[in-house]
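The structure appears right after this line, and notes come after that.
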Amino acid sequence: MNGLKKSFKRFLFLAILHIFSSCTAQSNSFWNGKQCAVVLTYDDSLKEHLENVIPSLNKHNLKATFYIIGSSEAFVNRKIDWKDAAKKGHELGNHTLMHPCANIQKRKVQLPPEKDLNNYSLQKVVDEIKITNNLLHQIDGKSERTFAFPCGQTKVNDTLFYPYVKNNFVGARGVKRAMKYVEEVELENINAYGMKGHTGVEMIELVKQAMSKNKLLVFLFHGVGGGSSLNVEMAEHDKLVDFLAINKNKIWVAPMVEVAKFVKTNKQSINK
Ligand SMILES: [Zn+2]
């Protein structure tokens, strides 16, 4: 009887151990073996990205995504620097050629007619996006990249334009704030948290939330240490970068193209 009791206890112990270890294995495999994924994205190809952000990320061997406006000054005049950034593993994402946005009444400064998305045809948006992909290909030689919607706008007049360029991208980043599980991520409009005047503590708090919930967190920066009215101070950005670097074993920090590919593969395997 005692022997039976003993073997039952052992069975129970092994069963619990099995359940526990399979849970652990699952929690380790959420995001490329890490607790969560963090994507750092920087919009509008500003010179501050080259001068402030990239050196700071390189120091910690962290890779990010830079959404490039094909006609912007800091892209056209500094192609060698962008090429160097791509060589170091950063993604050059597509943010169109002219960055058209629809003029809406609440906009403080109205855009000139040639940059007003209301004046665009569907074909013109599609052409600008494809031209920018060609420009970026000349710089980094890559055929896989992601897109970011200028001003977060997804439609030209009433038509969603991304379906017309979708085959050229692994995914597209939007501007709506949310964190998602792998299976919930919408690759045609990936959620992101726009940063403006945020402190390092506030940004780290978002990362901690993503870690505890095993979700994807995408940061959307414009100016860092200057360059835009949507600015984050350099010292605050450094605090975030330090935290990500210290916790590399728990946080998967990667360019959007890699994370979007991971999501695609995992969604396919879930749906099988
Ligand atoms: Zn932009």
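Atoms within a ligand are numbered from 1 in the order they appear, just like the ligands themselves.
Annotation: salt bridge (charged side-chain N to carboxylate O under 4.0 Å, His left out) contacts of E184 (sequence neighbours excluded): none.
Closest of all the heavy-atom pairs between N231 and V224 is OD1-N, 3.5 Å.
Within a 6.0 Å radius of NZ in K83, other residues, nucleotides and ligands contribute 12 heavy atoms or fewer.
Aromatic ring centroids of H237 and Y42 lie under 6.0 Å apart.
Around the Zn ion (ligand 1), the protein N, O or S atoms found under 2.8 Å comprise D44 OD1, H95 NE2, H99 NE2.
Defined by atom type and a distance below 3.5 Å, a donor-acceptor pair is present between the side-chain atoms of R173 and T41.
Using a 4.5 Å heavy-atom threshold, the side chains of R177 and N191 count as separate.
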